[in-house]
Amino acid sequence: MTISSDEHDSALEQAIRLVLAYLPQDRQATPTEVAKGVDMVWIMQHSQGLVLEKELLLKEIQSRVVVWQDDSVGLKDDRNHIEWLTEAQLERSWDFWDRYRRYLEDVRLMPPRVVRKLDQSTGRVLRQLEDPRRPGPWRRTGMVVGQVQSGKTGNFIGLACKAADAGYKLIVILAGIHNSLRSQTQLRVDEGLLGFDTQYQHRYDEATKTARIGVGVMPGVKRLKIASLTNSAENGDFRRDIATKINLPIGDYPVVLVIKKHRSILEYVRKWIVEVDGELKGDGKTKIVRDIPLLVIDDEADHASVDTSKDDETDPTKINAAIRHLLNSFEKAAYVGYTATPFANIYIKPKADHDLFGLDLFPESFIESLHAPSNYLGPERVFGLSRTDDEDVEPLPIFRAVEDHESWMPPKHKKEWVPQEEDFPRSLREALHAFVLTCAARAARGQDKQHSSMLVHVTRLVNVQNRVREQIDDYIGLMRDRLRDTMSDQATKVLTELRDLWESDFVPTSEKCGTEGDLSTTWNAVEKNLRATLLKIQVRAINGSSRDALEYYEQRKKGMSVIAVGGDRLSRGLTLEGLSVSYYLRASNTYDTLLQMGRWFGYRPRYEDLCRLYTTWDLWNAYAEITAADNELRRDFEAMADMGAAPESFGLRVRTSSAGLTVTAANKMRRGVKVRLSYSGELPETTTFSLRPDVVRRNFDNLERFVTSLDERSSAEEDLTSLVWKDIPAADIIDNFLEGYVPDRGSYRVRPALIAEYVRRCAALGELTRWTIRLVGTPTGEPFKVAAHTRTLVKRSRPKGHVDEADRYTIKRVLSPADEGRDLPRSLFEKALEATKLARAREAERTGKDAVPTVPTGEPLRRFRPVDQPLLLIYPIKHPDWAPDKQLPPLIGFAISFPFSAHPTETEYVVNEIWRQQGLDIYDEADAE
């Protein structure tokens with residue numbers, strides 16, 4: 001029996017549901033159970049004439065059941081909060097949530113364990129909000145932190161469902177600053193919460209079968225009372241005339257608004273609801289809404305929502321003021337910000353208040369951190385970063401260096417710039433070829449009806465984006481035309497180029513990815529789909545001047561293949577469905593802007609091995625470093641959660657941490673002229689080194705002078721293969737080492753000038769006054785002479801999968817973890833080791849990776865380090881081009897083990913001048929589009 005493609009897809013989905021229903025729901029299914037379930041369902045469908053490929057069904061099931069997800073963790077402040085949810089879960093119906101849960105499991109085929117974690121995390125957030133039935137006044141402000149493209153939208157829709165069930169009557173979702181993101185978010189809300197298409201109806205009782213979508217078309221579902229005054233069209237934002245005309249009974253059942261973060265729209269919403277349902281306050285002048293509990297969900301909460309005014313005497317910036325004014329106009333109000341980059345929100349001053357607009361949006365009530373599921377292609381997997389000192393993670397082999405773009409797209413250009421076709425980069429042509437191959441390979445794997453996208457982000461200027469779109473469209477059209485004549489020389493040339501790339505790049509990459517790849521995809525299978533693939537590809541400019549849009553929903557049945565050329569609109573919240581190839585040149589100096597631009601993170605079931613990231617070495621190294629800093633702050637967060645700390649404590653930690661120093665734009669720090677910089681409890685270490693001969697020589701000469709000065713002060717002790725000097729004053733460290741050290745330009749965090757300033761401040765308070773210096777060597781290293789000593793070089797390995805630039809050398813770590821505790825007295829060493837074991841045991845509970853440490857490391861060690869006794873470790877590293885006849889000086893790396901300060905809040909100082917000296921000036925987002 002021959003079945004159509006649509007029938008095959010329907011049969012496959014039905015088979016997936018049946019197998020998942022058969023497997024255990026309370027634990028991880030074993031491989032034997034998975035194979036048995038697949039066999040049983042395959043035989044059953046085969047007997048009904050539905051011929052499915054068993055291997056395909058098995059892979060689909062494996063991609064779902066092997067997924068695991070850690071519990072979310074959080075900080076909370078329960079002052080003025082009354083626990084309510086335990087009792088409410090028994091008394092109230094949870095129809096919106098039950099409907100959404102069924103939709104995720106039965107329609108979206110989301111892994112059941114992930115849905116259960118979503119239930120738990122949204123329950124934890126709802127518990128921290130106030131009971132909407134509690135008499136007012138009350139207000140709760142919180143934040144939920146997840147990784148870029150990791151499922152935050154699905155989480156806040158789940159929260160909105162539960163909030164509607166609990167009794168929140170007005171739910172306002174702030175969805176970015178662009179129509180495209182607002183429209184995309186509204187569509188997700190239509191599918192997951194409302195159950196009807198808002199372009200055709202506004203309230204539940206207008207429903208027709210043709211307007212029902214998502215949760216509304218599942219068999220046996222209730223038609224739940226709910227309404228929306230916004231719709232999913234590009235121009236479907238809130239309008240007062242429509243709200244007045246519809247005249248909804250606000251307070252009878254939930255009303256949902258999905259609006260842009262625009263001052264006027266926020267003010268329209270506020271005035272509309274206050275005029276209709278507001279009551280005069282005691283002053284007889286202003287109105288407040290008393291009996292309608294409000295929930296504001298702020299997507300991308302670090303973007304546009306943060307007050308960037310300069311001081312407390314200045315009125316807050318317009319969007320921030322409008323959000324606060326809306327909340328302040330309700331007696332019962334809750335605010336939850338969602339973001340992957342919470343740093344700007346953490347810099348908000350707690351308790352900042354305004355007579356008219358009310359309290360600022362610091363998440364004083366709670367912060368919840370979501371862990372991404374194991375099938376998330378995130379920064380750690382892309383860059384090969386580990387959470388522990390002894391774990392070695394190999395990055396996915398998807399990075400391709402771009403080094404030929406500057407004549408076509410200079411780093412600094414104006415809107416009049418016209419990229420010349422003769423300069424069209426070979427790397428961009430290769431990226432376009434890679435996208436064509438990826439689409440064809442996915443079609444060969446049965447994914448031809450799923451969306452495929454490519455991101456081209458090379459400029460923030462709209463006019464230049466449009467010219468780039470035209471060039472790419474011409475190139476794709478040329479490929480299409482050349483392949484049309486199958487017998488021509490031009491067709492042969494194109495096919496040869498594509499096959500060469502497939503065999504030289506895709507085949508070995510899929511082999512390296514192992515189970516993530518589908519090694520059965522052959523060139524012959526790919527070639528058969530090339531012409532159809534090229535016909536399907538569209539090239540779109542996604543920016544303010546273009547009418548292009550991404551019609552993923554409209555083309556959901558046949559799948560859309562699109563090359564999206566854009567800038568800021570592609571950098572915030574907007575999801576590129578099926579993103580596989582990214583060509584990315586855009587630079588920024590701030591952590592949060594860079595992380596948000598990483599649209600290539602997300603979920604790539606059965607095509608991870610086909611994904612490619614084309615970018616520059618500078619951006620690759622910057623991403624690796626900021627991801628490490630982000631991970632450090634997340635570990636701090638988890639440690640504080642274990643201790644039961646409040647959000648304000650974590651806010652202080654971020655505001656003082658070196659990891660937090662450049663995580664966000666200076667204006668978002670608000671009082672950014674002053675920064676509380678602290679290396680308290682941290683270990684700054686050099687991992688990138690300039691190979692410029694003058695820099696290498698300067699750093700070695702700096703070491704020679706330093707060692708000479710140390711010898712003049714005291715005699716060095718031999719300890720294993722190291723030289724050790726003790727009780728060295730802070731001034732010597734600053735004057736004779738830090739101030740003369742030249743860092744690599746790509747090092748965001750190891751800034752000797754900032755470290756030196758921190759040491760000065762602490763020394764003035766009686767801390768960091770007795771330094772131990774360890775010049776590290778190895779028994780088998782090549783000898784070299786420094787000052788009056790003959791020592792040996794150490795070797796350091798590159799990160800797995802890393803290839804260096806011509807003038808830069810990158811290593812995984814400079815520190816040998818055992819070195820950090822060698823100077824501790826035995827009693828403190830043993831205590832630090834026990835603390836390290838305890839911390840590692842907690843990590844093992846989360847990850848299942850159990851390893852018992854034999855030496856103290858990391859933060860547990862630094863908690864036991866005496867506050868006046870920091871450790872400076874210096875590593876003379878063998879130059880990558882070293883040879884006996886070249887006489888190359890070693891690369892000088894260092895790490896500093898800082899104890900926890902007793903005065904971390906007293907090291908505030910003006911850093912603007914140092915920022916300028918160190919190249920840390922900030923990119924301003926408010927520019928192009």
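Remember, it's a predicted structure, so these values are computed and weren't measured experimentally. Along the sequence shown, residues carry numbers from 1.
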Inset, instruction - If a pair satisfies salt bridge (Lys or Arg N to Asp or Glu O under 4.0 Å) and one of its residues is in residues 528-539, list it, with sequence neighbours excluded. - result: none
Legend entry - Nearest non-hydrogen partners of Arg442 and Gln450, listed with the distance: NH2-OE1, 3.1 Å
Inset, instruction - Output yes when a side-chain donor or acceptor of Ser121 lies under 3.5 Å from a complementary backbone atom of Leu118, and no otherwise. - result: yes
Legend entry - Ionic contact status for Asp609 with Arg445, cut-off 4.0 Å: yes
Inset, instruction - Using the test side-chain hydrogen bond (donor to acceptor under 3.5 Å, both in side chains), find all partners of Glu406 that sit at least two apart in sequence or belong to another chain. - result: none
Inset, instruction - From the options Arg108, Arg102, Arg101, select the one residue that forms a salt bridge (charged side-chain N to carboxylate O under 4.0 Å, His left out) with Glu105. - result: Arg101
Legend entry - ring-ring contact (aromatic ring centres under 6.0 Å, His included) partners for Phe424, two or more places apart: Trp408, Tyr475
Legend entry - Qualifying salt bridge (Lys or Arg N to Asp or Glu O under 4.0 Å) pairs with a residue from residues 420-434, counting only residues at least two apart or across chains: none
Inset, instruction - Output all residues satisfying ring-ring contact (aromatic ring centres under 6.0 Å, His included) with Phe156, sequence neighbours left out; order by chain, then residue number. - result: Tyr338
Inset, instruction - Taking His451 for its side chain and Met560 for its backbone only, find out whether a donor-acceptor pair lies under 3.5 Å. - result: yes
Inset, instruction - Check the surroundings of atom CG in Asp489: do more than 12 heavy atoms from other residues, nucleotides or ligands lie under 6.0 Å from it? - result: no
Inset, instruction - For residues Tyr552 and Ser453, report the shortest heavy-atom separation together with the two atoms involved. - result: OH-OG, 2.7 Å
Legend entry - Donor-acceptor contact present, side-chain Gln490 to main-chain Leu483, <3.5 Å: no
Legend entry - Heavy-atom pair of closest approach, residues Gln45 and Ala15: OE1-CB, 3.7 Å
Legend entry - Any donor-acceptor pair under 3.5 Å from Ser183 side chain to Ser232 backbone: yes
Legend entry - Pairing residues for His405 by the ring-ring contact (aromatic ring centres under 6.0 Å, His included) criterion, not counting sequence neighbours: none
Inset, instruction - Taking atom types as modelled, find out whether Ser427 and Tyr583 have a side-chain donor-acceptor pair closer than 3.5 angstrom. - result: yes
Inset, instruction - Please check if the side chain of Arg480 supplies one atom and the backbone of Leu534 the other of a donor-acceptor pair under 3.5 Å. - result: yes
Inset, instruction - Would you kindly say whether Tyr584 and Thr616 are connected by a side-chain donor-acceptor distance under 3.5 Å? - result: no
Legend entry - Donor-acceptor contact present, side-chain Gln471 to main-chain Pro419, <3.5 Å: yes
Inset, instruction - Calculate, to the nearest 0.5 Å, the distance between atoms CG and CZ belonging to Leu498 and Phe506 respectively. - result: 9.5 Å
Legend entry - Donor-acceptor pair between Thr496 and Asp500 side chains, under 3.5 angstrom: no
